[in-house]
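Notes to accompany the following structure.
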Amino acid sequence: MVSVKLKDGSERQFPEGTTLLQATESISKKLAKESLAARFNGSLTDLNRPLHEDGVLELLGFEEQSGQDVYRHSSSHIMAQAVKRLWPDTQLAIGPAIDKGFYYDFDSTHTFTPEDFAAIEAEMNNIIKADYPIIRKEMPREEAIRFFKERGEDYKVELIEDLPEDALISLYQQGEFVDLCAGPHVPSTGKIKAIKLMSLAGAYWRGSEANAMLQRIYATSFPKKAQLDDYLYKLEEAKKRDHRKLGRELGLFVIVDEGPGFPLFLPKGMIIRNELENFWRQEHALAGYQEIRTPIILSEELWHRSGHWDHYKENMYFTKIDEGDYAVKPMSCPGGLLAYKQSLHSYKELPLRMGEMGLVHRHELSGVLHGLMRVRAFTQDDAHIFMLPEQIIDEIKGVINLIDRFYGLFGFPYHVELSTKPEKSMGSDEVWEVATNALEQALQEKGMSYKINPGDGAFYGPKIDFHLRDSLDRTWQCGTIQLDFQMPERFDLTYIGEDGERHRPVMIHRVIYGSIERFIGIITEHFAGAFPAWLSPVQVRILPITDRHHDYAVQVLSRLKAAGLRAEADLRSEKTGYKIREGQLQKIPYLLVVGDKEIEAGSVSVRHRKDGDLGSQGVEEFIQAIKQEIEEKVIR
RNA sequence: GCCGAUGUGGCUCAGUGGCAGAGCAAUUGAUUCGUAAUCAAUAGGUCGGCGGUUCGAAUCCGCCCAUCGGCUCCA
């Protein structure tokens, strides 16, 4: 007999060889039905595993992340089995669970199309209905290689060959289908209920451009049909918030065929942009920054000096002026360094914080362009801080505070990643270590938790990246703080120290919005186009009920404008319901309905886009309320 | 850049070899209306571009461009 201790503290005896599933069934049929896998003595395992030793058992359902991963991973095997049945010459690559589903990469002479989805799903449902037990098998490395060679699964052979010499290889079998897999898996194919194939994509074998392009099928699965439907509904909702769609509908910005990757901002989009920049300038002045502007085109020689030529050339645009070679800037730092060098600096001036709304151009691969999120020309809210080595930690902490203030204002939660020295970089390992440690120390002193991204730093220094999470739970990299010992060296920056000698300053590159364009894309989706009043292109629209109310509407309008509000009046002879509908669709924060009653009382009838009809208010009363909402940058 | 899909009026889309369509938007007229769509009329497209097949191409073929979903890369 073996003894199994459960999570609730109870302990039970089972005959040796009883599987975890059988054991669970004897405890509770319901629990057994809901369990997908288990953690036994701390390690993930199949429910089909027989008991040979005492231990602590934790059952994993779909609610647990690891249970969900197992569920999706088993789903991917079912999809692979279905594909193999339909197109037997298909070779299997890998098929992991991902965030909201799973995928499988195939190499097949058949080119998959969305029309194949129904057939694959039908075959998957056959496999599910057959309820094949999913059986784990183990074999030595050599035998496993032979096994997959015989079956013509070259990718699997390559995977095994990369495993250690003495590795014990595990395989999982369901019906006629066998796959190399570490597991664990659900006990049988019948556990999987609601499946849906989502999309097709090309994907390089092992993620490298040098390798073959495989065909990837993305899919998802849930234990209940209702959960799948809910997921699909949310996806539809997310599509409605797509900034590309909202940008066009609300007249904010557009990307035309004539300018791929070069967004065009319309008047209403410019209002949002200008408000963001105004706020930025105000906050940066408070935080002790000065502002500069450096040229978009600078001599090619400068880019040799900065290291961009060696490390960033493929992303740059070049041009010729008269006989000289010039480059369009992909970053603002070299210009910032030139600005620093225009005068002699004393240690007393440092830290010197110089901000720049820098328009940069980068040649991005055509396939990566995506609305405002990924463009070829964008404005970085850049700043370069020149400082003494002993000021590093405080300056980094200052930037972190500033970033926190900005993101908090929009209601964005965020997480932080620390990126270390990449392969293609300048400077010695020692300098990189000093810089990386400084960033780490600042984060620790701020008590911030962070993830480390090895090899992801800029070519001149390590960085802290701020990834913000939007209302749809997606994350976007925006802010970054980069510590740089290289550029000051390359540009021979100096300051005069207390000792009267020249010394080398240290430099921080940092952005908060990241790129104004991307940030506008993110907030458009985050607010679903319903921007807080301070950012709304139109803050108030007045809706007179009939033509005889026009005079009053125009009077109210001029009072709103005099109060500095962005207001307009809808003087078309349409029904009130129609005007309201249009105002709502334009996501205008406040609609003011005015008719006989309002003229009589000298009031406006206030309708908020989210809260609906708020009843009647005096004009002055309304003006004060909305001005306060704007001033405090309330999200409503 | 690579894989796949898509491209028809301002927007959303129908039209699979035989006279380019609908709804919304726009314009004009009527309507004077109280919290999410009043009615009618009018106008608007060399069907992404170039070439080919055909008596005839939005439709079939080729190349190019752009977009979408991914991969790789990134603010």
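Given the structure is predicted, the values throughout are model-derived calculations rather than measurements. Order of the sequence lines sets the chain letters (A, B, ...), proteins ahead of strands, with each chain counted from 1.
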More than 12 heavy atoms of other residues, nucleotides or ligands under 6.0 Å from CD of A:E600: is that the case?
no
Base of B:U31, side chain of A:S573 - is there a donor-acceptor contact under 3.5 Å?
yes
List the protein contact pattern of nucleotides 39-44 of chain B with one symbol per nucleotide (5' to 3'): B for base contact, S for sugar-phosphate-only contact, - for none; contact means a heavy-atom distance under 4.0 Å.
------
Hey, is the side chain of A:R374 pairing donor to acceptor with the base of B:C73 inside 3.5 Å?
yes
Taking 4.0 Å as the cut-off, does a side-chain nitrogen or oxygen of A:R376 come that near to OP1 or OP2 on B:A75?
no
Assess the residue pair A:F410 and A:H526 against the criterion (ring pair (Phe, Tyr, Trp, His ring centres under 6.0 Å)); give the C-alpha distance rounded to whole Å, side-chain angles, the decisive distance to 0.1 Å, and a yes or no.
CA-CA 9 Å; A:F410 296 93; A:H526 180 67; 8.1 Å; no
Any salt bridge between A:K84 and A:E153, counting N to O under 4.0 Å?
yes
N or O in side chain of A:K463 less than 4.0 angstrom from B:A75 OP1/OP2
yes
Among B:G34, B:C71, B:A36, which is the nearest nucleotide to the side chain of A:I580?
B:A36
Considering only B:A75, B:U32, B:G34, which nucleotide approaches the side chain of A:S605 most closely?
B:G34
Out of B:G70, B:U32, B:A75, which nucleotide sits closest to the side chain of A:S515?
B:A75
So does A:Y218 get a side-chain nitrogen or oxygen closer than 4.0 Å to the phosphate oxygens (OP1/OP2) of B:C71?
yes
Look at A:R609 and B:A36 and indicate whether a side-chain polar atom (N or O) is within less than 4.0 Å of OP1 or OP2.
no
Among B:A75, B:G34, B:U32, find the nucleotide with the atom closest to the side chain of A:D547.
B:U32
Electrostatic pair A:R241-A:E237, nearest N-O below 4.0 angstrom
no
Counterpart base for B:A40, defined by Watson-Crick or G-U wobble contacts under 3.5 Å:
B:U28
Within less than 4.0 Å of OP1 or OP2 of B:A25, is there a side-chain N or O belonging to A:Y578?
yes
Is A:H370 close enough to B:G70 that one of its side-chain N or O atoms is under 4.0 Å from OP1 or OP2 there?
no
For B:A14, the Watson-Crick or wobble partner whose two distances fall under 3.5 Å:
none
Measuring to OP1 and OP2 of B:C3, would you say a side-chain N or O of A:Q215 lies under 4.0 angstrom away?
no
With RNA chain B as reference, determine whether A:A458 or A:I255 sits nearer its 5' end, using the nearest nucleotide of each.
A:I255
